[in-house]
Structures are given as C-alpha cells and as structure tokens.
Amino acid sequence: MPARKKADKPADAAPPPSAGVAAPPGSGENATQRALRKLGLVRDIDFALHLPMRYEDETRLQQLAHARDGDTVQVEGVIVDSEVVYRARRQLIATLDDGSDTVQLRFFNFYPSQQKQLAPGARLRVRGEVRGGFVGRTMMQPVVKAAGTPLPLALTPVYSTIAGLPQPVLRRAVQAGLARAPLDELLPEALRPHGAWGLREALRFLHHPAPDVAMAALEDRSHPAWLRVKADELLSQQLSQLQARRAREAQRAPVLQADATQPQSLHARLLAALPFAPTGAQARADQEIAADLARVRPMHRLLQGDVGSGKTLVAALAAARCIDAGFQCALMAPTEILAAQHFGKLVGWLDPLLAAQGLRVAWLTGSQKKKEREAMTAAVESGEAALVIGTHAVISDKVRFARLALAIVDEQHRFGVAQRLALRGKAGEAAQPGQALEPHLLMMSATPIPRTLAMSYYADLDVSTLDELPPGRTPIVTKLVAEHRRDEVIDRIQGQLAQGRQMYWVCPLIEESEAVDLRNATATRDELADALGDAVRVGLLHSRMPTAEKQAVMADFSAGTLHVLVSTTVIEVGVDVPNASLMVIEHAERFGLSQLHQLRGRVGRGAAASACVLLYATGDSGRVGEAARARLTAMVETADGFEIARRDLEIRGPGEFLGARQSGAPLLRFADLSTDARLLEWARDVAPQLLDRHPQAAQRQVDRWLGTRAEYLKA
Ligand code: ADP
Ligand code: MG
C-alpha cells in the first residue's frame with residue numbers, strides 16, 4: 001500500500017510552504033523568485049520534478065593539447081596575457097597557458113572585477129568549448145574558478161533556466177525542493193511500471209548522480225530512473241483526462257432521439273435530396289454521432305478526415321438529427337470565408353426542406369449589418385433559426401438560443417479553449433429551471449491526429465474518422481518547381497485555362513507583414529492579368545478586403561466567371577470549388593506542412609485531373625533549409641493526410657503541432673511519444689484502475705505532476 005500520511009491535507013497539492021526561495025505572487029517576491037515562478041517552480045515538488053536537461057563532467061582536468069575543435073574541456077593554468085580590445089565589440093581577451101598549450105579566453109560583457117581576476121599571473125581553472133586547432137584556440141565566455149578548487153566527485157546536473165537565474169542558484173533551489181518534497185510512493189505495487197525504480201530513488205539518482213555513475217547511464221532515457229519519471233508523467237496526464245471525461249459524463253445534455261428513418265424526418269429528406277450517396281465512412285460517422293446524441297451525457301467527439309473527405313455532410317446530418325428532435329444546432333467556423341461556404345452549402349441543402357416546418361438556417365458574423373444581425377439574433381432567440389452558422393459571433397453575449405442542443409466547431413484547433421467553453425455555455429440558457437444542460441459537441445478537423453498524440457493529448461475525446469474520399473476523385477499530381485522557372489509555369493497554366501479550368505495562385509506571408517503580403521498578392525494579380533491576356537479573368541482575395549467584396553469574389557469564382565484566384569492564405573481552410581483543378585503556391589518553402597496539404601486540398605475536388613505546383617526559392621545560400629526540404633519532399637511523396645500529419649509531427653514536435661488547443665496546457669516534458677508508445681499504453685491501462693480503486697492516490701498523482709495546470713486539460 002502506498003504510504004498515505006495526512007490524507008486530509010495532501011502535501012503535494014498544498015500551495016507553497018516552499019523551497020525557501022519561492023513565495024506566493026504579490027508577497028514581495030524578489031527577482032529570483034519571479035524567475036523561478038516563470039519556470040513553473042513554486043511548490044517543493046515542482047523543484048523536485050525539474051530534472052536536469054544534461055550533465056557536465058567537471059570531475060577531471062584535461063589538457064589543452066588534446067582538445068579538438070568543439071570539445072568542452074576543463075583546464076587549469078596561468079594567465080600569461082590580458083587586455084581589453086575593440087574588435088567590432090569591446091572585449092576582454094586573456095591568454096591562459098596550461099603547460100600543454102595556450103588558449104585565448106574571450107569575454108564580452110565583463111565586470112571590472114573579472115578583469116582583475118584575469119590579470120596576468122593569476123592561476124585559474126576554466127571550463128568551456130574550445131574553438132580552433134593549431135592556428136590558435138579560443139574559448140568564448142568560459143566559466144572561471146580559482147585553480148585548485150576541489151573537483152566534484154560526480155557529474156554536475158545542468159538545468160534548463162531563463163535569463164536572470166544562474167545555474168548555481170537554480171541548482172541550490174532544486175536541491176532544497178528535492179529535500180523537502182513529499183515523494184511517498186503513490187502507486188500500489190501491482191500498478192507500478194515494470195522495470196522502473198521508485199520515484200524518490202529515481203529523482204535522487206537524476207538530481208544527484210553518485211560518483212560512480214557514468215554519463216551514458218544518465219543520458220539513457222530507458223534507464224529505470226527515467227522510465228519511472230516518464231511513466232509517472234504519462235500516468236498523470238491520462239488521469240487528468242480521465243477525470244475530465246468522467247466529469248463530463250456526469251453532466252447532462254438533451255437526449256436527441258428522433259427516428260431518423262421516418263421518411264418525413266429532416267435527416268431522411270436530406271439524404272433523399274442529395275445528388276450523391278454518403279460514403280461508407282460518412283455513414284459510419286453519422287451512426288456514431290447518432291448513438292452519442294441519443295445519450296443523456298454530452299457528446300464530445302472529434303470528426304477527423306482529410307481535406308475533401310466530406311465532413312460538411314456529416315455535420316449536416318448531425319444537425320438534421322438535432323433538428324428532428326426539436327432542438328437547435330450551431331456551427332462555428334474560424335474564418336468568415338469558411339463560415340460563408342458552410343452557410344452556402346447548408347442553406348442549399350436544408351433551407352428548402354426546413355421551410356415546410358417554418359424553420360430556417362441563420363447566418364451570424366461580426367461584419368454583418370446591424371439590422372440583419374438583429375433579425376438573425378431574433379430568429380435564434382425565437383427558435384425559428386433551427387441551424388445557426390457563423391464565426392465567433394455565434395458565441396457573442398447578445399446571442400441567446402431558444403434550445404441549443406448541438407454545437408459543431410469546424411477546424412477546432414483554430415479555436416481557443418475559452419471559445420469552446422463559451423459555446424458550451426450557450427445551452428445553459430435554454431435549460432429548464434434547476435436543470436443545467438450542456439450541448440453535445442462535435443469538433444471537426446482536417447488535420448488528423450497521429451495515434452500516439454490522440455492517445456495522450458486527446459484521451460478525453462471520442463474520435464470518428466473519415467478514411468475514405470468520395471468516389472470519382474482523381475489524384476493530385478504535385479510538382480516542385482524552382483522559382484526561376486516561374487514564367488514556364490505561367491505559360492503552362494494558360495493551356496489549362498483554355499480548357500475551361502479554374503485555378504488558385506497562393507502568395508505567402510512574407511516577413512510576417514500584412515502590408516508586404518498584400519502588395520505581393522496584388523502585384524501578382526496584376527502580373528498574371530497581364531500575362532494571361534484579356535480572355536482570362538483574374539481575381540484577388542485577401543483578408544483585409546471588406547467582407548462584401550470577399551464574398552463577391554468568392555461568388556464569382558464559384559460561379560466560374562473568375563478563372564484565376566490570386567489569394568493569400570485566407571483560402572487555406574474549407575474553400576470548395578470543384579472546377580478548380582490547378583493550385584500554384586509561391587514560396588512553398590515558407591509554409592508549414594499541414595498548411596501546404598490544406599491548400600493543396602482546394603483542388604482535386606472534381607472529375608478533372610488536378611495538379612499542385614510548389615514554387616520554391618532557395619535564398620542566398622542557394623539551398624532550401626533542411627526542415628523546408630522535409631516538408632516539400634513529404635508533399636511530393638504523399639497525399640495521404642494521415643501520413644502528412646505523422647511527418648508534420650515528426651518535423652515540428654507535439655508542442656507546435658497541437659497549437660491552440662494546448663495553449664497554456666502542460667506538454668509532456670520527459671516522455672517522448674515517438675519512443676514511449678509502450679509506456680503510454682501502460683499509463684492508459686493503469687489510469688482507470690488507480691482512479692477507481694485508489695482515488696486519493698490518483699488525485700495526489702495529478703496534483704503532484706500537474707498542480708494547478710491540470711485545469712487547462714478540462715476544457
Ligand atoms: P471537407 O471534409 O474537406 O470539409 P467537404 O465537406 O467540403 O470536405 O466536401 C468536399 C466535397 O465533396 C464537397 O463538394 C462535397 O459536396 C462533396 N461530397 C461530400 N460527400 C460526398 C459524397 N459522399 N459523394 C460525392 N461527393 C461528396
Ligand atoms: Mg471542411
């Protein structure tokens with residue numbers, strides 16, 4: 001059994017009686033305490049879990065004569081020369097002779113006291129990276145100590161830190177925290193990870209390596225000490241998500257259980273009116289959603305499917321089920337263009353069917369005229385608007401739903417936690433007195449989440465996957481073309497356009513400047529209009545255009561009266577014009593992989609063979625950077641969204657890949673999803689057992705690892 005002392009006051013969870021350095025915010029914190037808090041180091045346990053990122057070997061002295069370029073060495077010797085010089089910058093250069101050779105020590109921001117310390121004749125120990133070989137060795141900003149200082153017996157831990165928090169100060173704070181932190185075993189023996197040490201043993205081993213412990217052992221992430229740390233970290237993440245899931249399962253949502261097979265149901269009439277049959281994957285997702293909606297606990301489902309897999313129809317079918325049960329549905333998209341596309345499509349599908357019931361689809365955005373907006377808001381409030389589509393405006397305070405039961409969020413990763421919470425809050429307004437209701441939530445994403453990531457960061461979600469594209473799609477041919485061949489590309493597209501095709505030409509964000517960005521797209525529009533002649537109509541789309549103008553351009557392009565659409569990345573998500581069969585992306589090397597894949601997904605939606613041309617520039621070096629090369633290669637090699645997502649995760653790492661959903665949420669610090677899949681499986685198995693059988697230990701495990709940050713995961 002785990003030692004459970006003072007269960008009424010779990011020491012891990014308590015706010016600081018801290019490591020003697022940190023104090024609660026506002027209580028006269030000093031600079032060191034502030035820096036520590038920025039690093040997330042407040043409670044003793046936070047310090048204990050702030051593990052070294054690497055180790056240094058200060059146990060030995062080396063000889064300069066044996067040091068190679070790039071080696072980090074520690075030598076002792078005598079200063080033979082020292083002067084302050086101005087070479088581009090003011091610097092102090094001292095020469096140290098260790099008997100085997102000499103090295104130039106260079107310091108930039110030095111104090112007068114340092115200058116004194118480095119005076120000729122001083123006997124010093126210096127430690128740093130050696131640059132250069134026989135032409136003359138240099139060491140930039142080495143660490144300096146008096147010669148003869150006792151050498152440590154063991155390897156020295158190095159912690160990640162921030163400016164203003166020197167390594168020795170942090171090291172002392174960590175030691176103090178480690179000594180005080182309650183590290184009692186929380187896991188009953190049967191639930192401990194195999195082949196791993198106890199947490200206390202593991203942390204001591206990693207913070208205080210014994211003299212006989214080799215560098216290789218400490219750096220080996222499969223060492224039993226690291227295994228325990230990683231297992232504990234993954235377990236607490238699984239636990240907190242399981243808690244979130246259970247909390248949600250205790251909530252109530254409207255039960256949406258109309259008989260969709262009734263021929264007069266909206267669901268059945270929508271299916272009958274469609275010009276195509278749903279794919280097997282769409283039908284499956286629809287069934288999974290139907291089962292969720294019929295339960296009293298709120299749905300929390302992610303619908304993931306590659307671009308063009310037909311998520312909109314699944315959303316429409318879910319909305320129809322909700323409306324059939326007598327409730328309202330809201331669909332929120334991150335951009336106005338995308339929301340407008342959804343609106344266009346869903347109005348076309350549903351409005352004629354809804355009219356018979358005196359219902360309609362409503363449209364809400366921030367840029368709407370006040371009068372129209374008020375009319376729409378009134379329709380939402382009265383319940384006449386059975387489906388409401390829009391941007392963030394949908395969650396504005398002014399919008400009150402009569403009986404919202406289903407919220408659909410497209411491109412969910414583009415919304416923050418707060419926005420999703422606001423949407424969920426909207427159903428409360430429709431609740432019966434004394435009965436708080438949550439809406440069912442369907443999130444959609446065109447960026448599939450690789451399995452390990454889904455298991456760790458999205459463990460609280462149910463997932464439906466559209467793994468099948470609608471029939472009749474032709475594969476998109478992707479080509480890399482160097483920028484100097486841009487004119488040839490323009491020649492080629494002329495031929496395509498002559499056959500009645502339409503195309504996108506996407507200009508990048510250059511230097512993060514909207515102004516430059518805009519000029520770039522505008523100039524390209526003019527250039528293409530010139531080059532392609534009068535018969536070809538070239539339009540322009542960018543985010544700073546007034547909404548009405550944007551909509552007019554999109555409408556012209558959809559109708560085929562515009563042939564070429566020059567655009568910034570505003571068309572990245574969701575835009576659907578099946579006749580467009582060619583996509584040119586300029587400066588493709590600057591785009592992220594998922595973004596390129598999304599852009600490419602704008603074509604290949606009709607029967608015509610489609611192509612995507614990635615124009616890349618090499619810059620001054622004459623080469624494309626390594627990460628950019630990996631992205632472009634992936635684009636040419638695969639059009640499979642899951643494979644793209646996997647590679648994107650590999651290139652960017654989970655932090656950036658997850659984006660908005662995780663903003664502020666704790667990312668894994670020690671476990672690595674690409675190598676620790678088995679530990680992750682273990683954590684997933686153990687979490688429910690611990691939570692069910694040892695709820696207090698489970699809670700302490702979460703508090704210990706996530707502290708107050710655990711809250712972020714609940715959204
Ligand atoms: P995404 O998943 O990228 O949001 P969309 O919902 O925009 O994809 O669908 C892409 C295109 O495929 C749309 O034109 C849509 O009408 C069409 N579509 C959707 N489902 C089917 C289907 N089962 N058969 C044929 N075409 C379909
Ligand atoms: Mg879509």
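For this chain, numbers begin at 1 and follow the sequence in order. One-based numbering, in listed order, for ligands and for the atoms of each.
- Listed by number with element, the atoms of ligand 1 under 4.0 angstrom from any heavy atom of Thr279 are 23 (N).
- With 3.5 Å as the limit, one finds a donor-acceptor pair spanning the side chains of Ser367 and Glu336.
- Within the 4.0 Å heavy-atom criterion, neither part of Met444 lies near ligand 1.
- Taking the side chain as every heavy atom from C-beta outward, Met376 and Gln368 approach each other to under 4.5 Å.
- In terms of N/O distances under 3.5 Å, ligand 1 is not approached by Trp349.
- Note that the CH2 atom of Trp363 and the CD atom of Glu372 stand 9.5 Å from one another [nearest 0.5 Å].
- An N or O contact shorter than 3.5 Å links Ala277 to ligand 1 by distance.
- Arg284 and Glu288 are not joined by a salt bridge, as no carboxylate oxygen comes within less than 4.0 angstrom of a charged side-chain nitrogen.
- The Arg605 neighbourhood of ligand 1 comprises atoms 3 (O), 7 (O), 10 (C), with distances under 4.0 Å to a heavy atom of that residue.
- Of the candidates Lys345, Gln598, Gln282, it is Lys345 that places a heavy atom closest to atom 15 (C) of ligand 1.
- At least one heavy atom of Ser309 sits closer than 4.0 Å to an atom of ligand 1.
- No side-chain donor from either of His300 and Asp292 sits under 3.5 Å from a side-chain acceptor of the other.
- Under a 4.0 Å criterion applied to the non-hydrogen atoms of Thr312, ligand 1 contributes the atoms 4 (O), 5 (P), 6 (O), 7 (O).
- At a 4.0 Å cut-off, not a single heavy atom of Gly305 sits close enough to ligand 1 to count as contact.
- Close N/O approach between Gly310 and ligand 1 is found [any backbone or side-chain N/O within under 3.5 Å].
- Checking Gln304, His342, Lys311 against atom 2 (O) of ligand 1, the nearest heavy atom belongs to Lys311.
- The two residues Pro439 and Leu406 have their closest heavy-atom pair at CB-N, 4.3 Å.
- Distances below 4.0 Å separate heavy atoms of Pro278 from the following atoms of ligand 1: 23 (N).
- Interface of Val307 with ligand 1, defined as ligand atoms under 4.0 Å from a residue heavy atom, comprises 3 (O).
- By the 4.5 Å heavy-atom criterion applied to side chains, Leu256 and Phe327 are counted as neighbours.
- Residues Arg537 and His563 bring no donor and acceptor atom of their side chains to less than 3.5 Å of each other.
- Using modelled atom types, one finds no donor on one side chain facing an acceptor on the other under 3.5 Å when comparing His597 with Asp648.
- Residue-to-ligand polar distances keep Leu313 apart from ligand 1: every N/O pair is separated by 3.5 Å or more.
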